[in-house]
Protein chains: 2
Amino acid sequence: MVTGPPVFAAIADPTRRAILDAIRGRERSAGEIASLFPVSRPAISKHLRVLRGAGLVRERRVARSRLYSLDPAPLREVERWLDHYRVFWAARLHDLKRVVERQERRPQPGRNP
Amino acid sequence: MVTGPPVFAAIADPTRRAILDAIRGRERSAGEIASLFPVSRPAISKHLRVLRGAGLVRERRVARSRLYSLDPAPLREVERWLDHYRVFWAARLHDLKRVVERQERRPQPGRNP
DNA sequence: GTATTATGTAACCATATGGTTACAGGACCA
DNA sequence: TGGTCCTGTAACCATATGGTTACATAATAC
């Protein structure tokens, strides 16, 4: 049984990572998400439940559809864990800083509220 | 079956993350690692095999012991994946930059060669 | 009301996973 | 050589996981 923050287990599966990639940027309905993958709709439904359990997606009911959008907050836990290791590839830390600075200059994408 | 980069599955288990935390900093023997956890030594041996499969640990035979040390390289794959999401908590990007700058100023820990 | 659409849930299945105990093998010591 | 130490592997077990098909439910359309 995998205990600890569920986000680590949630992103272990490649299909779930792909789902996150698919809704990063724009909200999508469950059916729309399912259409992107070669597995059945119920399988996707279960993946979405896991992602919801990890707090990685928000669900919004609209008419007959359920629209899913990204909630990146739990990923900061992964980020925090990686912090302890980032020092080990410190040779490229200045690259990271440059990335950060580039993104700071960029306008906020702003997920729809 | 979990395909894709094995590093994501490797770090999904909390015991394996704890093992990485334990050998981050200093090399440890298999038995020493096992002594840190409430599970049997063979269980740890299997976890170490998974970590080796993901390229996260290096093994060095010394006398009767096997010494394990961290190989952080595969974690950069996780880092790279997170890059696409970091923009979504951009409000705190300047914090990250500060962390980076703090670590750049710090002397290199240098894993023994 | 009834039909239709979109989605979650139940029941089930095969395989993966994480754990155990028992055993095998290589390296040091006498 | 024989014995002890350290560790990996084999065999096995219970449960988790990811998938399926069939059904239930909720909201719109008629």
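Chain A is the first sequence line, chain B the second, and so forth, proteins listed ahead of strands; every chain is numbered from 1. In what follows, every heavy atom counts, from backbone to side chain, and hydrogens, waters and symmetry copies are set aside.
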For [X] and [N], give me the distance from atom [atom1] to atom [atom2], rounded to whole Å.
X       : N      : atom1 : atom2 : answer
A:Ile19 : D:dG18 : CD1   : P     : 11 Å
B:Glu32 : D:dG8  : CD    : C1'   : 18 Å
A:Glu27 : C:dA6  : CD    : C1'   : 16 Å
A:Arg66 : C:dA6  : CZ    : P     : 14 Å
B:Glu59 : D:dT7  : CD    : C1'   : 10 Å
A:Arg17 : D:dG18 : CZ    : P     : 11 Å
A:Arg41 : D:dA24 : CZ    : P     : 15 Å

*Determine the contact category for B:Arg61: base if any of its heavy atoms lies under 4.0 Å from a base atom, sugar-phosphate if only primed atoms, P, OP1 or OP2 are that close, otherwise nothing.*
nothing
*asked:* Categorize B:Phe37 for me: base, sugar-phosphate, or nothing, with a 4.0 angstrom heavy-atom threshold over every strand shown.
replied: nothing
*Basic-acidic side-chain contact under 4.0 Å: B:Asp83, B:Arg80*: no
*Are A:Glu79 and A:Arg86 within salt-bridge range, i.e. N to O under 4.0 Å?*
yes
Between [X] and [N], does any side-chain N or O lie under 4.0 Å from OP1 or OP2?
X       : N      : result
B:Arg16 : C:dG18 : yes
B:Ser65 : D:dC5  : no
A:Tyr68 : C:dG8  : yes

*Which nucleotide, C:dT7, C:dG19, D:dT7, lies nearest any side-chain atom of A:Ser29?*
C:dT7
_Residue A:Ser40, side-chain atoms from C-beta onward, closest of D:dT28, D:dT20, D:dT7_ = D:dT20
*Please check if B:Leu67 and B:Leu48 belong to a single hydrophobic cluster, counting links between Ile, Leu, Val, Met, Phe, Trp and Tyr side chain heavy atoms closer than 4.5 Å.*
no
*Could you go through the side-chain contact (heavy atoms from CB on, under 4.5 Å) check for B:Leu56 and A:Tyr85 one step at a time?*
CA-CA 11 Å; B:Leu56 283 165; A:Tyr85 294 90; over 6 Å; no
*Give me the residues of residues 43-56 of chain B where at least one heavy atom lies under 4.0 Å from an atom of DNA chain C, by number, or none.*
B:Ala43, B:Lys46, B:His47
*Taking for each residue the nucleotide of DNA chain D with the nearest heavy atom, is it A:Val39 or A:Ala63 whose nucleotide lies nearer the 5' end?*
A:Val39
*Step by step, would you call B:Tyr68 with B:Ile19 a side-chain contact (heavy atoms from CB on, under 4.5 Å)?*
CA-CA 10 Å; B:Tyr68 288 89; B:Ile19 290 176; over 6 Å; no
Please write out the pairs of protein N or O atoms and N or O atoms of nucleotides 3-5 of chain C separated by less than 3.5 Å, giving the distance to one decimal.
residue	atom	partner	partner atom	Å
C:dT5	O4'	A:Arg64	NH1	3.0

*Working for side-chain contact (heavy atoms from CB on, under 4.5 Å), residues B:Ile11 and B:Leu75*: CA-CA 9 Å; B:Ile11 66 172; B:Leu75 292 177; 4.2 Å; yes
*Counting only N and O atoms by type, is there a donor-acceptor contact under 3.5 Å from the side chain of A:Arg60 to the main-chain atoms of A:Arg66?*
no
*Side-chain (B:Arg28) to main-chain (B:Ala34) donor-acceptor, under 3.5 angstrom*: no
*Can you tell me how far the CG atom of B:Asp71 sits from the CD1 atom of B:Ile23, to the nearest 0.5 Å?*
9.5 Å
*Check the pair B:Val78, A:Trp81 against side-chain contact (heavy atoms from CB on, under 4.5 Å), reporting the backbone distance first and the verdict last.*
CA-CA 11 Å; B:Val78 180; A:Trp81 182 76; over 6 Å; no
